[in-house]
There are 2 protein chains.
Amino acid sequence: MDNINKKEFKSTFIKYIEEKGLRHTKQRDVIVDAFFSAGRHITSEELFNIVKKKYPEIGYATVQRNLNLLCKCSLAEEIKIGKQKTRYEQKYGNTHHDHLICLQCGRLIEVNDDKIEKLQEKLAKKNNFTPVKHKLEIYGICAGCKSK
Amino acid sequence: MDNINKKEFKSTFIKYIEEKGLRHTKQRDVIVDAFFSAGRHITSEELFNIVKKKYPEIGYATVQRNLNLLCKCSLAEEIKIGKQKTRYEQKYGNTHHDHLICLQCGRLIEVNDDKIEKLQEKLAKKNNFTPVKHKLEIYGICAGCKSK
DNA sequence: ATGATAATGATTTTTATTATCATTTAGTAT
DNA sequence: ATACTAAATGATAATAAAAATCATTATCAT
């Protein structure tokens, strides 16, 4: 099940690579695998540390570059919260969602609400604005932190 | 009319300064005035250039520091879009609003929708999450760019 | 007027990300 | 299999925004 997703994830990447006339490398393979298997929201540094275990000679820049590539083919997306360093979120097979962000512990909760989505469309149209994507972040205190 | 707002804006700042035991300075006065009179979304660099005209000896750091102060007392708020440098938005006397952001020309349009606001509250509650603030950004193409 | 300390301005540091560049490697053509 | 072209890598430097440092200056309560 997870393996099917992984296969699809990788084949999307490979397709992109080939369309653009880019090359397959061992590093890419390791990075893409690790990114897929890692948590949903990872920093380039965290990913670098994971990848190093499998491929100790790898350079930080290579990890960064390939995260950027993953973003270009829409398998990843940058999320920037406050002054934290950029996290990369997996996109493949995940429908759009919004984020609840805990101001205390930093936890990210993924949520979705169709009504809000539709109202956003309306709101954009009312302003003669053609929406492409959007970002909704609700900051507050999560359940865990409230019970402490 | 605008002067009343300005007076209120400044008195809010002064109140904060005094509550915290901070000091009045000529620089603060010039910076706060300039920030109020400037556009709704300004960078620290832009503000620095404006302030320099009135007060040529002023240092960049002073402008930055005071913008940070304005944020702390909720008269300003940082807005970060993509890789652009941080802009500071005036908050005083402005009700909360969301942003439509043109991907082509970068224009920021302020919008509001009560229904969306209420649904967000609901969404948070459903997750046992206490919302404090939120940020909604819709990216797309603005009317002006579409007609080009 | 004085003293304590906050603020300033110049500069340096920090930190994340991007760019550079010599070298290596992949993939195609021969 | 060999050679060639160009992309990718890894190490390092550059960039850029914001924060920190620190000697000096200015504020303000006494």
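These values consider heavy atoms only, across backbone and side chains, with no hydrogens, waters or symmetry-generated copies. Letters A, B, ... mirror the listed sequences (proteins, then strands); counts begin at 1.
- Through direct or relayed side-chain contacts under 4.5 Å between Ile, Leu, Val, Met, Phe, Trp and Tyr, B/Ile14 connects to no other residue.
- Residue contacts shown for B/Phe48 are absent, as no nucleic acid heavy atom lies under 4.0 Å away.
- Across all strands shown, B/Lys26 has no heavy atoms under 4.0 Å from either base or sugar-phosphate atoms.
- Across the protein-nucleic acid pair, B/Gln64 atom CD and D/dT21 atom C1' stand 16 Å apart, rounded to whole Å.
- Put simply, the side chain of B/Lys135 never gets that close to the backbone of B/Ile79: no donor and acceptor are under 3.5 Å apart.
- In terms of modelled atom types and a separation under 3.5 Å, the side chain of B/Lys146 and the main chain of A/Asn128 share a donor-acceptor contact.
- Not one side-chain nitrogen or oxygen of A/Thr86 sits closer than 4.0 Å to the OP1 or OP2 atom of C/dA16.
- The separation between A/Tyr16 atom OH and D/dA8 atom P is 11 Å, rounded to whole Å.
- Judged by distance alone, the side chain of B/Ser37 and the main-chain N or O of B/Ala34 form no donor-acceptor pair under 3.5 Å.
- A sub-4.0 Å separation between OP1 or OP2 of D/dA17 and a side-chain N or O of B/Ser44 is absent.
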Which side-chain N or O atoms in residues 17-24 of chain B pair as donor and acceptor under 3.5 Å with protein atoms at least two apart or in another chain?
{"residue": "B/Glu18", "atom": "OE2", "partner": "B/His24", "partner atom": "NE2", "Å": "3.0"}

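- For the pair B/Lys20 NZ and C/dA6 P, the interatomic distance rounds to 14 Å; values are reported in whole Å.
- Annotation: the terminal axes of the helix from C/dA1-D/dT30 to C/dT30-D/dA1 meet at 30°, where each axis is the rotation carrying the C1' atoms of four end pairs onto the next four (5 pairs per end, rounded to 10°).
- Here the side chain of A/Arg107 pairs no donor or acceptor atom with the backbone of A/Cys102 at under 3.5 angstrom.
- Distance, B/Lys83 NZ to D/dA18 C1': 17 Å, rounded to whole Å.
- Annotation: of the two residues near DNA chain D, A/Ile31 and B/Thr25, the 5′-most nearest-nucleotide partner is A/Ile31.
- The stretch residues 65-72 of chain A touches DNA chain D through A/Arg65, A/Asn66, each having a heavy atom within less than 4.0 Å of the strand.
- At most 12 non-hydrogen atoms from other residues, nucleotides or ligands lie less than 6.0 angstrom from NZ of A/Lys118.
- Using cut-offs of 30° and 60° for the angle between ring planes, the B/His41 and B/His99 rings count as perpendicular.
- The residue among B/Lys80 and A/Ile58 whose nearest nucleotide of DNA chain D is located toward the 5' end is A/Ile58.
- When only modelled atom types and interatomic distance are considered, A/Glu78 and A/Thr86 share no side-chain donor-acceptor pair under 3.5 Å.
- B/Asn112 contributes a side-chain N or O that, together with a main-chain N or O of B/His96, makes up a donor-acceptor pair within less than 3.5 Å.
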Enumerate the protein-to-nucleotides 1-4 of chain C contacts in which both atoms are nitrogen or oxygen and the separation is below 3.5 Å.
none

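- For A/Arg28 and C/dA26, the CZ to P distance is 11 Å, given to the nearest whole Å.
- The separation between B/Arg87 atom CZ and D/dA18 atom P is 11 Å, rounded to whole Å.
- The existence of a salt bridge linking A/Glu46 and A/Lys85 is excluded, since no basic side-chain nitrogen approaches an acidic carboxylate oxygen closer than 4.0 Å.
- Closest to the A/Gln27 side chain, of the nucleotides C/dG9, D/dA17, D/dT9, is D/dT9.
- At a threshold of 4.0 angstrom between heavy atoms, the contacts of B/Glu57 are confined to the sugar-phosphate backbone, with no base atom among them.
- Protein atom NZ of B/Lys85 is 9 Å distant from nucleotide atom C1' of D/dA18, rounded to whole Å.
- Taking the side chain of B/Ala61 as heavy atoms from C-beta on, and the options D/dT9, D/dA20, C/dG27, the nearest nucleotide is D/dA20.
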Donor-acceptor pairs under 3.5 Å, side chain of residues 48-59 of chain A to any protein atom, not counting sequence neighbours: which ones?
{"residue": "A/Asn49", "atom": "ND2", "partner": "A/Glu45", "partner atom": "O", "Å": "3.3"}
{"residue": "A/Tyr55", "atom": "OH", "partner": "A/Gln27", "partner atom": "NE2", "Å": "3.3"}

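- Checked against C/dT18, D/dG10, C/dG9, the side chain of A/Tyr55 finds its nearest nucleotide in D/dG10.
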